[in-house]
K.L.:
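Quick one: the structure is below, questions incoming.
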Amino acid sequence: MTETPMPFMVVTLAVLAVFFAVDILVIGRRPHVPSTAECLRHIAFFVVMALIFGGLVWWVSGSGPAIEFYSGWLTEYSLSIDNLFVFVIIMGNFAVPKDLQKYVLSIGITIALVLRGIFILAGTALITRFTWVFFIFGGFLLYTAWSMVSGNDKEEEEYRENGLIRALRKVIPITDEYEGERLRVTRNGTRFFTPLLVVFLAIGTTDVMFAFDSIPAIFGLTKDPFIVFTSNVFALLGLQQLYFLLGSLLDKLVYLPYGLAVVLAFIGVKLIMEALHGNTLPFINGGGPLEAVPEVPTWLSLLVIVLAIGIAAVASLLKARGQKGQGLDDVSKSNSR
C-alpha cells in the first residue's frame with residue numbers, strides 16, 4: 001500500500017528515532033522551564049523538518065504522497081494542539097513541578113507514539129481486508145465534529161483517570177511526593193514508585209484516546225501506513241515546546257474546535273464517499289461499487305484543511321485582540337470617573 005522506496009523509509013525512521021532520543025536523553029534530561037525563545041527555536045526546527053520531509057517524499061514518490069503527508073501532518077498537528085488543553089489539566093491534577101513538565105511530556109509522548117504505531121498497524125490491517133470499515137470511521141468523525149460544535153465534548157475539559165491508572169494505583173505502592181526524575185525510591189526498606197510513573201501513563205494513554213479521532217481522520221487522507229505514521233511523528237515532535245508556548249494562549253483559541261470540526265466533518269464525508277465508491281456490502285447496490293460517487297482529490301483535502309484551521313486561528317486571535325481592547329477601554333473609563 002506504500003509508494004515510498006524501502007531505503008527511504010528505513011533512513012527516515014532511523015532519523016526520527018534519533019530526534020526522539022536526543023529530545024528525551026539530552027534535552028529532556030535537563031529539568032527546566034523552556035524560555036519563549038527556546039520553544040520558538042524547537043518548534044520552527046520541527047516545522048521546517050516536516051516541510052523538508054514532505055519535499056523529499058515528493059522527490060522520491062511523487063506529488064500524491066507528498067500532498068497526503070502535508071494534509072495528514074496539518075490535521076494531526078491541529079488535533080494535537082487541541083489535546084494540549086487536557087495535558088494542561090493533567091499536569092495541574094497531578095501537581096507536576098514546572099521544571100519536570102517538559103521531561104514528563106517527552107516520555108509521555110514517546111509512550112503515545114508507540115501505542116499509536118500499534119493502532120496504525122491495526123487500522124491498516126482493517127482497511128486492507130474490510131473496506132466497509134470506512135463507513136464506521138466516517139460516521140465516527142461526523143459524530144465527533146458534531147460534538148465539537150454542539151458542546152457535547154465538554155467532558156474532555158475535565159480529566160478523569162482511566163481504568164489503567166486506577167488499577168495501577170491499587171496494585172503498586174506509589175508515593176505522594178516527586179523525587180526529581182526518579183521513578184522509584186526506597187523508604188524504610190520498601191521500594192515505591194513516584195507519581196512520575198502515573199503521570200507518564202496518564203499522558204500516553206490519554207493521547208491514545210484522542211487517537212480514536214485522529215487516526216481515522218488521517219486514514220481518510222491516505223492509506224499509506226508510512227505516511228500515516230510519519231504524519232503522527234512530526235505532529236508529536238515539538239509538542240512539549242508548543243505546550244509551554246501556548247499554555248497561556250490556549251483559552252484564546254476559541255474558534256479552533258470549529259475549525260477542527262470542519263476538517264473532521266469533511267474527512268468523514270470523504271471516507272463515506274470512498275466506502276461507497278468501493279462498496280462490498282450486499283445491502284447497498286447489490287454489493288457492487290457505486291461508480292457515480294466522485295472521488296475527492298488530495299489537493300482539495302489539503303486546501304480545506306489549510307483554510308479551516310487558518311480561518312479559525314485568525315478569527316480566534318482577532319477576537320482575543322478585540323476583547324483585550326475592550327478591557328483596556330473599560331479600565332480607562334473606570335479610571336476617568
Side-chain angles (χ1 to χ4, degrees), residues 12 15-57 66 69-88 90-91 96 98-113 116 203-204 206-207 210-211 214 218 229-257 259-260 263 302 305-306 308-317 320-321:
T12 297
V15 172
L16 291 177
V18 171
F19 279 169
F20 267 98
V22 171
D23 194 35
I24 295 171
L25 300 178
V26 179
I27 301 174
R29 296 298 293 183
R30 183 170 60 89
H32 69 293
V33 178
S35 65
T36 299
E38 179 184 346
C39 290
L40 288 173
R41 285 196 303 269
H42 279 81
I43 292 170
F45 173 77
F46 288 125
V47 168
V48 170
M49 288 298 101
L51 295 175
I52 291 175
F53 176 75
L56 292 174
V57 171
F69 168 77
Y70 286 132
S71 301
W73 170 58
L74 286 173
T75 300
E76 295 294 326
Y77 203 76
S78 301
L79 290 170
S80 294
I81 292 175
D82 197 42
N83 297 352
L84 292 180
F85 286 100
V86 177
F87 289 172
V88 169
I90 291 175
M91 294 294 188
V96 180
K98 281 279 188 181
D99 59 349
L100 286 178
Q101 289 185 6
K102 186 178 184 302
Y103 176 63
V104 167
L105 284 169
S106 295
I107 300 296
I109 289 171
T110 302
I111 295 173
L113 182 61
R116 281 194 184 204
I203 294 290
T206 299
D207 184 83
F210 286 114
S214 63
I218 196 170
F229 184 71
T230 51
S231 298
N232 273 269
V233 172
F234 277 103
L236 292 176
L237 282 169
L239 189 60
Q240 61 267 45
Q241 287 84 12
L242 197 62
Y243 167 87
F244 287 100
L245 184 65
L246 298 182
S248 60
L249 301 177
L250 287 175
D251 58 342
K252 296 182 176 64
L253 299 175
V254 292
Y255 295 122
L256 180 61
L260 292 174
V263 172
L302 179 58
I305 293 167
V306 171
I309 300 302
I311 292 173
V314 171
S316 297
L317 294 176
R321 181 179 296 179

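The structure presented is a predicted model; accordingly, all values stated were derived computationally and were not measured. Computation of the quantities below employed the complete heavy-atom set of this structure, encompassing side-chain atoms and omitting hydrogens, waters and symmetry-equivalent molecules.
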K.L.:
How close do Leu302 and Ser71 get, heavy atom to heavy atom, and via which atoms?
P.N.:
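Between these two residues, the closest heavy atoms are CB-OG, 3.2 Å.
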K.L.:
The criterion is side chain to side chain contact (heavy atoms under 4.5 Å, CB included); which residues satisfy it with Val314, sequence neighbours excluded?
P.N.:
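Partners of Val314 by the side chain to side chain contact (heavy atoms under 4.5 Å, CB included) criterion, ordered by chain and then number, come out as Leu318.
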K.L.:
For Ile43, what residues pass the side chain to side chain contact (heavy atoms under 4.5 Å, CB included) criterion, not counting sequence neighbours?
P.N.:
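In terms of side chain to side chain contact (heavy atoms under 4.5 Å, CB included), with neighbours along the sequence ignored, Ile43 is linked to Val47, Tyr77, Gln241, Leu242, Leu245.
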K.L.:
Listed by chain and number, what are the side chain to side chain contact (heavy atoms under 4.5 Å, CB included) partners of Leu56, not counting sequence neighbours?
P.N.:
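Expected list: Phe8, Ile52, Trp59.
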K.L.:
Enter the distance from Leu16:CG to Leu236:CG here, rounded to the nearest 0.5 Å.
P.N.:
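Nearest 0.5 Å value for the CG-CG distance: 11.0 Å.
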K.L.:
Would you say Trp73 and Leu51 make side-chain contact, with heavy atoms under 4.5 Å?
P.N.:
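Yes, side chains in contact.
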K.L.:
Could you work out, with ring pair (Phe, Tyr, Trp, His ring centres under 6.0 Å) as the rule, every residue matching Phe234, not counting sequence neighbours?
P.N.:
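By the ring pair (Phe, Tyr, Trp, His ring centres under 6.0 Å) rule, Phe234 matches Phe53, Phe69.
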K.L.:
Taking all atoms of both residues into account, what is the closest heavy-atom pair of Met91 and Gln101, and its distance?
P.N.:
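In terms of heavy atoms, the two residues are closest at CE-O, 3.6 Å.
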K.L.:
Rounded to the nearest 0.5 Å, what separates atom OH in Tyr70 from atom CD1 in Ile305?
P.N.:
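Between Tyr70 OH and Ile305 CD1, I get 14.0 Å after rounding to 0.5 Å.
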K.L.:
Within the structure provided, determine whether Thr75 and Ile218 are in side-chain contact (heavy-atom separation under 4.5 Å).
P.N.:
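No, their side chains stay 4.5 Å or more apart.
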K.L.:
So, using side chain to side chain contact (heavy atoms under 4.5 Å, CB included) as the criterion, who are the partners of Ala308 when residues are at least two apart?
P.N.:
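Partners of Ala308 under the side chain to side chain contact (heavy atoms under 4.5 Å, CB included) test: Val262, Val263.
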K.L.:
Looking only at heavy atoms, what is the nearest atom pair of Glu76 and Ser231, with distance?
P.N.:
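Heavy atoms only, the tightest pair is CB-O, 4.1 Å.
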K.L.:
With a 4.5 Å cut-off on side-chain heavy atoms, are Ile309 and Leu74 touching?
P.N.:
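Side-chain contact under 4.5 Å: no.
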